[in-house]
Amino acid sequence: AIKVSNLLRSTLRGQTIDTTSEAFEQIAENELTRSLGSESVVSFSGMSLTSRTVNSPAYLNGEFTLQLGQSMDKTTASTSTYVNPPFPLTPTTSSSTSRITYEARTSINVLGRTYDTCLYKSTIVGDDNAISFVWYIFGKGIPARIESRDSAGTVLGINELKSATINGVGI
């Protein structure tokens, strides 16, 4: 398996929340990957919670095979368990289907850097209020920006790439 690590630092109502994740993937056909699962640690106010998620079955990042304007429906299912929670938490199982559309090939500026990207729109089938836009760096598959929006187009949240390395080399 390939291990992909990331740190997401966010602020909610003045409280800093750090999420450290390690995702596990396998090489698949046509230079794609299958997502096996992840382990995440969420830390805030001196507390932390560790969760382990297993995707069943592992899912393929087949959206990278779409041509401009094409869409695909992608169903994901996973089970999350919690490691040493501060109070009893039962495992949770979830499943959803997203409609993913390859919207554009475009350059964007993120934190003073310009990236050549492929823009994908994703909506949860049956829930038009859950919309996300992801600008993946062309040829790398790493998001430079992620925006979540409501059905009116109002931006609810933005995540932007601060730095990244692939096999120790910065991008």
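Residues take their numbers from the sequence shown, with the count starting at 1.
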Any side-chain heavy-atom pair from [X] and [Y] closer than 4.5 angstrom?
| X | Y | value |
| --- | --- | --- |
| F138 | T117 | no |
| I166 | I142 | yes |
| E25 | L36 | no |
| I2 | I27 | yes |
| S56 | T79 | no |
| I17 | T11 | no |
| D18 | V42 | no |
| S21 | S5 | no |

Going from [atom1] on [X] to [atom2] on [Y], what distance comes out if it is rounded to the nearest 0.5 angstrom?
| X | Y | atom1 | atom2 | result |
| --- | --- | --- | --- | --- |
| Q26 | S35 | CD | OG | 10.0 Å |
| I146 | S122 | CD1 | OG | 11.0 Å |
| L32 | T65 | CG | OG1 | 6.5 Å |
| D116 | S107 | CG | OG | 5.0 Å |
| L8 | N159 | CG | CG | 5.0 Å |
| E147 | L119 | CD | CG | 9.0 Å |

Cluster link [X] to [Y], ILVMFWY, side chain under 4.5 Å:
| X | Y | answer |
| --- | --- | --- |
| V155 | V110 | no |
| I100 | L68 | yes |
| L66 | V134 | yes |
| L161 | I108 | yes |
| I131 | M72 | no |

Minimum heavy-atom distance between [X] and [Y], given as atom pair plus value:
| X | Y | answer |
| --- | --- | --- |
| N109 | R145 | O-NH2, 3.1 Å |
| G37 | N55 | N-ND2, 3.5 Å |
| Q70 | Q67 | OE1-N, 2.7 Å |
| Y82 | T90 | CE1-O, 3.8 Å |
| A23 | S38 | CA-CB, 3.9 Å |

Can you check side-chain contact (heavy atoms from CB on, under 4.5 Å) on L49 and N84, steps first, answer last? CA-CA 8 Å; L49 179 64; N84 298 323; over 6 Å; no
[X], [atom1]: over 12 other non-hydrogen atoms inside 6.0 angstrom:
| X | atom1 | result |
| --- | --- | --- |
| Q15 | CD | yes |
| R149 | CZ | yes |
| D73 | CG | yes |

Assess, by modelled atom type and distance only, whether the side chains of [X] and [Y] contain a donor and an acceptor separated by less than 3.5 Å.
| X | Y | value |
| --- | --- | --- |
| T75 | T97 | yes |
| S71 | T101 | yes |
| T53 | S80 | yes |

Got a salt bridge between [X] and [Y], using NZ or NE/NH1/NH2 to carboxylate O under 4.0 Å?
| X | Y | value |
| --- | --- | --- |
| K74 | E63 | yes |
| R113 | E160 | no |
| E39 | R52 | yes |

Taking the six-membered ring for Trp, is the centroid-to-centroid distance between Y136 and F64 below 6.0 Å?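 That pair passes the under 6.0 Å test.
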Take F24 and K3, measure what side-chain contact (heavy atoms from CB on, under 4.5 Å) needs, and give me the verdict at the end. CA-CA 5 Å; F24 300 94; K3 181 170 70 171; 3.9 Å; yes
